[in-house]
Number of protein chains: 2
Amino acid sequence: MTSSRSPDPSPGGTRWLDAEEQKAWRAYLFGSQLLLDRLDRELTSATGISHAYYEILVQLSETPGRALRMSELADRCLSSRSRLSHAVSRLEERGWVRRQVCPEDGRGQLAVLTDEGFAALEAAAHVHVESVRTHLFDQLSPEQVASIRDVGETLLRHLDPR
Amino acid sequence: MTSSRSPDPSPGGTRWLDAEEQKAWRAYLFGSQLLLDRLDRELTSATGISHAYYEILVQLSETPGRALRMSELADRCLSSRSRLSHAVSRLEERGWVRRQVCPEDGRGQLAVLTDEGFAALEAAAHVHVESVRTHLFDQLSPEQVASIRDVGETLLRHLDPR
DNA sequence: AGAGCGTAGTTGAAGGCTTGACTATTCCGC
DNA sequence: GCGGAATAGTCAAGCCTTCAACTACGCTCT
């Protein structure tokens, strides 16, 4: 019910979506859900690493020293502190990440990527990148690629103005 | 690690993303995650209905008779059968949906939207549509709206060719 | 009619995520 | 330095999702 009623003229009333807006919204919503779902499934079934965990490993691997404060890591992964804390515990059990007290701030913890973690990431990256190419870039024209970037950046500025 | 190495020339090797592709992919990924997250939070905190439940109610409300077979409903909501079955049970507890044996096929069940369910949906729709407008349509130009529809439909054709 | 197979849907256990409370540490103004 | 506010991170309870049985029904071939 992003509804089929006519636009509400009264100020303060809900600004309903017209038929074209609804089609755009539905296509965007279902398209991205389906894509994200598919990528997550392919990665998980091939490597045992969910996309959320993959993202954590990626962020660590791209940082000099392969270490980040827990909250910095949470921010970069669009994750809550609590969720990240749980996830790092599980990655620790697998031997891919190690916790370490932060030298500069005794309150803080560093999550450090281990060599095993880096190796696991490297293996997973092949699978994941291939999926992204198959299901996204192979489907889109250069103009479409430019526009998803443009829209993505627009939404980021609005929703996550660092 | 959608990585910074150079494109792999060997056939059969992973077709890595170049820098531009990575930026597009990251922007798309983070932008849609942030948007979907935000919409879900606003809807849930204002109405107690998660976006997943909202989708179920919408699909039922848009069907003549406000009733659908469980598997048809699952497909339309991009949900697994099991997940939908659990969700419908919870919606039943709230009195918003009712199960009914399917007349034509004794194996089947119909999920039927109750009047209370329809009323709850109507209330939630105001909140949700306002969020979608604020965080999506108010941010995008008409060209950008056209392109999210175009990309969405392209991905749908590839990932969900009914 | 009945055996066998496929389809529809449910269930329960296991594990992940969210919320909110809690501990520990640091920062800041006096 | 010292007391209070702020920050970092963890933990427990409850809900949601997934996976793998499992039940029930219908269809077809004999």
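Residue numbers begin at 1 in each chain, while the letters A, B, ... track the order of the sequences.
- An OP1 or OP2 oxygen of D/dT10 is reached within less than 4.0 angstrom by a side-chain nitrogen or oxygen of A/Ser85.
- Between A/Glu92 atom CD and D/dT10 atom C1' there is a gap of 12 Å when expressed in whole angstrom units.
- A straight line from CD of B/Gln100 to C1' of C/dG9 spans 16 Å, rounded to a whole angstrom.
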### Message
Within the 4.0 Å limit for protein heavy atoms, which parts of nucleotides 21-27 of chain D are touched? Write it as a string from 5' to 3', B for base, S for sugar-phosphate only, - for none.
### Response
----BS-

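- Using a 4.5 Å cut-off on side-chain heavy atoms (C-beta onward), B/Leu29 and A/Glu55 make contact.
- Put simply, CD on A/Glu93 is 12 Å from C1' on C/dG15, counting in whole angstrom units.
- Between A/Glu21 and B/Arg133, the closest side-chain pair of non-hydrogen atoms falls below 4.5 Å.
- Annotation: A/Arg41, atom CZ; neighbour count of heavy atoms from other residues, nucleotides and ligands within 6.0 Å does not exceed 12.
- Dashed line: the shortest gap from a side-chain N or O of A/Arg99 to OP1 or OP2 of D/dG9 is not under 4.0 Å.
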Would you tabulate the pairs of protein nitrogen or oxygen atoms and nucleotide nitrogen or oxygen atoms of nucleotides 14-17 of chain D closer than 3.5 angstrom?
| unit_1 | atom_1 | unit_2 | atom_2 | d |
| --- | --- | --- | --- | --- |
| D/dC16 | OP1 | B/Tyr53 | OH | 3.3 |
| D/dC16 | OP2 | B/Arg90 | NE | 3.4 |
| D/dT17 | OP1 | B/Arg83 | NE | 3.2 |
| D/dT17 | OP1 | B/Arg83 | NH2 | 2.9 |

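- For the pair A/Gln109 CD and D/dC11 C1', the computed distance is 14 Å after rounding to whole Å.
- Rounded to a whole Å, the CG atom of A/Leu110 is 12 Å from the C1' atom of D/dA8.
- Closest approach to the A/Ser71 side chain among C/dG9, D/dG9, D/dC19 is made by D/dG9 (side chain taken as heavy atoms from C-beta onward).
- Whole-Å rounding puts the A/Glu72 CD to D/dA8 P distance at 10 Å.
- Between B/Leu155 and B/Asp160 there is no side-chain heavy-atom pair separated by less than 4.5 Å.
- Nearest-nucleotide positions on DNA chain C for B/Asp37 and B/Arg69 put B/Arg69 closer to the 5' end.
- Look at CG on A/Leu84: it is 8 Å from P on D/dT10, rounded to the nearest Å.
- Distance, A/Leu68 CG to D/dG9 C1': 15 Å, rounded to whole Å.
- Contact of the A/Tyr28 side chain with the B/Glu153 side chain is not registered, since no non-hydrogen atoms from C-beta on lie closer than 4.5 Å.
- Using a 4.5 Å cut-off on side-chain heavy atoms (C-beta onward), B/Arg38 and B/Ser131 make no contact.
- Residues A/His128 and A/Val132 meet the side-chain proximity criterion, which asks for heavy atoms closer than 4.5 Å.
- Residues A/His158 and B/His135 meet the side-chain proximity criterion, which asks for heavy atoms closer than 4.5 Å.
- Nucleic acid contact for A/Ser82: base, since at least one base atom lies under 4.0 Å from a heavy atom of the residue.
- Map A/Arg41 and A/Arg81 each onto its nearest nucleotide of DNA chain D; the residue landing nearer the 5' end is A/Arg81.
- Because its NZ or CZ atom is not both nearer than 6.0 Å to the ring centre of A/Tyr53 and within 45° of the ring axis, A/Arg90 does not count as a cation-pi partner of that residue.
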